[in-house]
Colleague: 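Dumping the structure here so I can ask a few things about it.
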Amino acid sequence: KAGVTQTPRYLIKTRGQQVTLSCSPISGHRSVSWYQQTPGQGLQFLFEYFSETQRNKGNFPGRFSGRQFSNSRSEMNVSTLELGDSALYLCASSLSRDSPLHFGNGTRLTVT
Amino acid sequence: SQQGEEDPQALSIQEGENATMNCSYKTSINNLQWYRQNSGRGLVHLILIRSNEREKHSGRLRVTLDTSKKSSSLLITASRAADTASYFCALLSNDYKLSFGAGTTVTVRA
């Protein structure tokens, strides 16, 4: 079974631009979660989608948004990028709400 | 949502030794999960222990959970160079929110 796939692997953007990151979950997994990882803040939960609906949301500003498609693939978008948005963005899928997460290798976003 | 507090922040051991790391938390949980992360990669799930379980094993890994003390420990026995990584505990709350601790960085010296 293929694992969680995130694209692109690396991104360099300029302040003020916007970015879209993509995640394909493991086949059969309907829940997709997104996390931001930085050296200072650690792993911070962004949001979780299930059956195309946002089920949970972390404490991030409205510049961070996401969506999930009918095939469970998910995208997250960050608008008006700030230097502090530089991070590793991790996507994870799971079978159910209380089962383990399966992570992709992340998208490394650098904002200059 | 609560985060687990992990201890120690960093650990350096010789190959063949055991490594123990701890995770403490404040409110009740649905389950507690341990993950490993190699540098710059995604996290890999190691063990999930439910709130009504006390101990679980997987290969060289042993996880204990003490809900009365609100703490868990992860033991890696007979460590290898390949165990060098960051280890995170993650707490699933009863309203299904998963939050991660800051992690323990383990270095296994050859």
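Residue numbers start from 1 in every chain, and the chains themselves are labelled A, B, ... in the order their sequence lines are given, proteins ahead of strands.
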Colleague: Can we say D83(B) and R60(B) salt-bridge, meaning some charged N sits less than 4.0 Å from an Asp/Glu carboxylate O?
Modeller: yes
Colleague: Do K26(B) and E5(B) sit within salt-bridge range, that is, some charged N less than 4.0 Å from a carboxylate O?
Modeller: yes
Colleague: Is it the case that over 12 heavy atoms from other parts of the model lie below 6.0 angstrom from the CG atom of L75(B)?
Modeller: yes
Colleague: Does any heavy atom of chain B fall under 4.5 Å from the side chain of E48(A), the backbone, both, or neither of them?
Modeller: neither
Colleague: Can you confirm if the aromatic rings of Y35(B) and F103(A) lie within a centre distance of less than 6.0 Å?
Modeller: yes
Colleague: Could you look at L48(B) and say if it's the side chain, the backbone, both or neither that has a heavy atom under 4.5 Å from chain A?
Modeller: side chain
Colleague: Ignoring hydrogens and angles, tell me if any N or O in the side chain of S79(B) forms a donor-acceptor pair with the backbone of E17(B) under 3.5 Å.
Modeller: yes
Colleague: Determine the option with the most heavy-atom pairs under 4.5 angstrom with chain A, choosing from G103(B), A90(B), A102(B), G42(B).
Modeller: G42(B)
Colleague: Please flag which part of S99(A) lies under 4.5 Å from any non-hydrogen atom of chain B: side chain, backbone, both or neither.
Modeller: backbone
Colleague: Only pairs of heavy atoms separated by less than 4.5 Å count here; which of L101(A), L90(A), N59(A) has the most with chain B?
Modeller: L101(A)
Colleague: Taking side chain as everything from C-beta outward and backbone as N, CA, C, O, which of these in Q37(A) sits under 4.5 Å from a heavy atom of chain B? Side chain, backbone, both or neither.
Modeller: side chain
Colleague: Any chance the rings of H102(A) and H45(B) have centres within less than 6.0 Å?
Modeller: no
Colleague: Counting only non-hydrogen atoms closer than 4.5 Å, does N56(A) touch chain B with its backbone (N, CA, C, O), its side chain (CB onward), both, or neither?
Modeller: side chain
Colleague: Check each atom of R108(A) against the heavy atoms of chain B and say whether the ones under 4.5 Å are side chain, backbone, both or neither.
Modeller: side chain
